[in-house]
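Data block below; observations after.
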Amino acid sequence: QVHMVESGGGSVQAGGSLRLSCSASGDTRSRICMAWYRQAPGKQREGVASLHRGSGATYYADFAEGRFTISQDNAKNMLYLQMNSLKPEDTAMYYCAADQRSPCAATLLRGTYNYWGQGIQVTVSS
């Protein structure tokens, strides 16, 4: 089993930055791939970024490319999402996810990650 807890969300004005953190525990073989998803009210959940814990390879959705950075600290079992130049349309619940299946980007795009955190709210005001 894998357990994950997000932190670091909150409210920020457009153009600002936030860093989300995800503390992960449990079987490391089940969390080869780590990812961030988001879901805005009335919209479908969408993948934001993924990371392969072994190689460090990353993938970003088009809207995240150049503004968001996914990273890890394996020693601390932490996953991060640095979000810069935030826009009101980035307002959503953000979820940390984990899965054992790679390539991580393909699993991200299918939306089939096995393990999920409870989510954390990010609100960007104009």
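Starting from 1, each residue takes its place in the sequence as its number.
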Quick one, Tyr80 with Asp73, criterion side-chain contact (heavy atoms from CB on, under 4.5 Å). Give me CA distance, side-chain angles, the key distance, then yes/no.
CA-CA 8 Å; Tyr80 304 102; Asp73 184 334; 4.0 Å; yes
Side chain to side chain, [X] and [Y], heavy atoms closer than 4.5 Å:
| X | Y | result |
| --- | --- | --- |
| Asp99 | Thr112 | no |
| Arg67 | Asp90 | yes |
| Arg53 | Leu79 | no |
| Trp36 | Leu108 | no |
| Gln121 | Thr91 | yes |
| Glu46 | Arg38 | yes |
| Asp27 | Gln1 | no |

Pairs flagged by ring-ring contact (aromatic ring centres under 6.0 Å, His included) wherever residues 84-126 is involved - sequence neighbours left out
Tyr37-Tyr113, Tyr37-Trp116
[atom1] of [X] to [atom2] of [Y]: how many Å apart, nearest 0.5 Å?
| X | Y | atom1 | atom2 | value |
| --- | --- | --- | --- | --- |
| Arg29 | Gln100 | CZ | CD | 10.0 Å |
| Thr107 | His52 | OG1 | NE2 | 10.0 Å |
| Ser23 | Glu6 | OG | CD | 10.0 Å |
| Met78 | Ser7 | CE | OG | 5.5 Å |

Within one Ile-Leu-Val-Met-Phe-Trp-Tyr cluster: [X] and [Y], side-chain cutoff 4.5 Å:
| X | Y | result |
| --- | --- | --- |
| Met34 | Val2 | yes |
| Ile70 | Ile120 | yes |
| Phe63 | Leu51 | yes |
| Phe68 | Leu20 | yes |
| Leu81 | Met93 | no |

Please test Gln118 against Val5 for side-chain contact (heavy atoms from CB on, under 4.5 Å), starting from the C-alpha separation and ending with a verdict.
CA-CA 7 Å; Gln118 82 286 354; Val5 179; 4.1 Å; yes
Tell me, which pairs form a disulfide bond (SG atoms under 2.5 Å apart) where one or both residues lie in residues 49-126, sequence neighbours left out?
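Only Cys22-Cys96, Cys33-Cys104 qualify under disulfide bond (SG atoms under 2.5 Å apart).
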Minimum heavy-atom distance between [X] and [Y], given as atom pair plus value:
| X | Y | value |
| --- | --- | --- |
| Gly47 | Ala61 | O-CB, 3.4 Å |
| Arg31 | Ala24 | NH1-CB, 3.9 Å |
| Ser126 | Pro88 | CB-CG, 3.9 Å |

Indicate whether any N or O donor in one side chain lies under 3.5 Å from an N or O acceptor in the other, for Asn84 and Ser17.
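Ser17 and Asn84 do have a side-chain donor-acceptor pair below 3.5 Å.
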